[in-house]
Number of protein chains: 2
Amino acid sequence: MNNKEKLRKAGLRPTKQRMIIADILLDGINRHFTAENLQNEINSSGNSMSIATIYNCLKKFRNCGLIKQVESSKDTAIFDTNINQHHHFLDEETGELIDIENDEVNLRKLPKIPQGYLNNGVEVLIKIKKKI
Amino acid sequence: MNNKEKLRKAGLRPTKQRMIIADILLDGINRHFTAENLQNEINSSGNSMSIATIYNCLKKFRNCGLIKQVESSKDTAIFDTNINQHHHFLDEETGELIDIENDEVNLRKLPKIPQGYLNNGVEVLIKIKKKI
DNA sequence: CAAGTAGTTTAGAACGATTTTAAAGTAAAA
DNA sequence: TTTTACTTTAAAATCGTTCTAAACTACTTG
């Protein structure tokens with residue numbers, strides 16, 4: 001399926017700007033990035049785009065499940081092209097994130113989901129720090 | 001141990017402002033809060049404090065291990081008075097966090113920590129959403 | 001206790017990420 | 001086509017947080 005079809009399937013109009021971003025992000029390679037990182041990639045691909053459009057687009061992509069947003073208390077939002085359930089190592093000093101594939105983690109016991117709620121995904125974060 | 005002693009032990013001068021905050025936060029009750037929540041509590045306790053002081057203080061308390069900061073992609077920093085290793089349910093719609101005690105979760109298998117790093121804490125986040 | 005000094009508080013300015021605005025542009029529907 | 005709804009844009013606005021630099025205060029040392 002090409003990117004135009006992916007956007008259509010997600011219910012998004014395949015505009016010029018969304019196609020530029022889809023061509024960068026939806027190449028099957030897993031990576032973490034910020035809005036600013038993406039703008040730099042867009043610029044170096046010879047295109048340009050308003051930062052507002054980039055934010056709009058990332059929000060739409062996230063809401064449609066084309067990308068994920070990482071839970072992180074950094075001041076800048078971090079997105080992830082790996083949309084499968086998976087986990088992260090986080091170096092709190094540098095903010096660096098490293099993927100952990102889902103089958104690397106095995107939960108023996110999970111708590112009871114609160115009354116009236118459904119489980120909507122489990123994320124394990126392993127904070128790491130450099131050995132001295 | 002009283003709050004003045006707790007601050008001293010943590011290497012912090014027990015100033016008037018830090019004591020006001022310690023009296024609110026270090027009462028043994030677990031809760032999640034933002035800087036603004038705390039300022040409201042300070043105000044309704046009949047005191048007042050510059051927002052800069054509140055941020056300074058929360059940062060110092062966090063660095064000393066008197067409180068924790070929750071990993072969350074919300075736009076506002078969320079702090080936690082529960083400093084034991086524990087986990088959270090997160091309702092992404094509302095941002096509501098619910099504690100999960102450490103013994104409610106049991107990890108059968110953990111990935112190998114990357115070369116040159118130490119494990120510095122594991123956090124499990126279970127995203128939940130309201131049943132329709 | 002007195003005087004020094006190092007750390008702390010403050011209001012307000014500054015900052016950086018993100019969102020809003022409102023006008024111009026574009027894709028899809030009729 | 002023409003219309004309609006959605007999208008993009010630059011610039012302004014907003015919001016949480018940090019910085020600044022001056023006033024203040026806790027602790028140290030004499």
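Residue numbers start from 1 in every chain, and the chains themselves are labelled A, B, ... in the order their sequence lines are given, proteins ahead of strands.
In the set D:dT9, D:dT17, C:dT10, the nucleotide with an atom closest to the side chain of B:Thr76 is D:dT17. Nearest nucleotide to the B:Tyr55 side chain, out of D:dA10, D:dT17, C:dA11: D:dT17. Here the nucleotide nearest the side chain of A:Arg18, chosen from C:dA11, D:dT7, C:dA17, is D:dT7.
For A:Arg13 and C:dA28, the shortest distance from a side-chain N or O to OP1 or OP2 is not below 4.0 Å. Under 4.0 angstrom from either OP1 or OP2 of C:dT9 there lies at least one side-chain N or O belonging to B:Thr15. Within the structure, every side-chain polar atom (N or O) of A:Lys16 is placed at least 4.0 Å from both OP1 and OP2 of D:dT7. Side-chain N/O atoms of A:Lys59 include one lying less than 4.0 angstrom from OP1 or OP2 on C:dT19. For A:Gln17, no side-chain nitrogen or oxygen approaches OP1 or OP2 of C:dT26 to under 4.0 Å.
In summary, the side chains of B:His86 and B:Asn30 do not present any donor paired with an acceptor at a separation below 3.5 Å, with no hydrogens or angles considered.
The stretch residues 65-74 of chain A does not touch DNA chain D, since none of its heavy atoms comes less than 4.0 Å from the strand.
Contacts of A:Thr53 with the nucleic acid, taken as non-hydrogen atoms under 4.0 Å apart, include base atoms.
Atom C1' of nucleotide C:dC15 and atom CG of B:Asp75 are separated by 17 Å, given to the nearest angstrom.
Expressed to the nearest 0.5 Å, how far CD1 of B:Ile128 lies from CD1 of B:Ile98 amounts to 4.5 Å.
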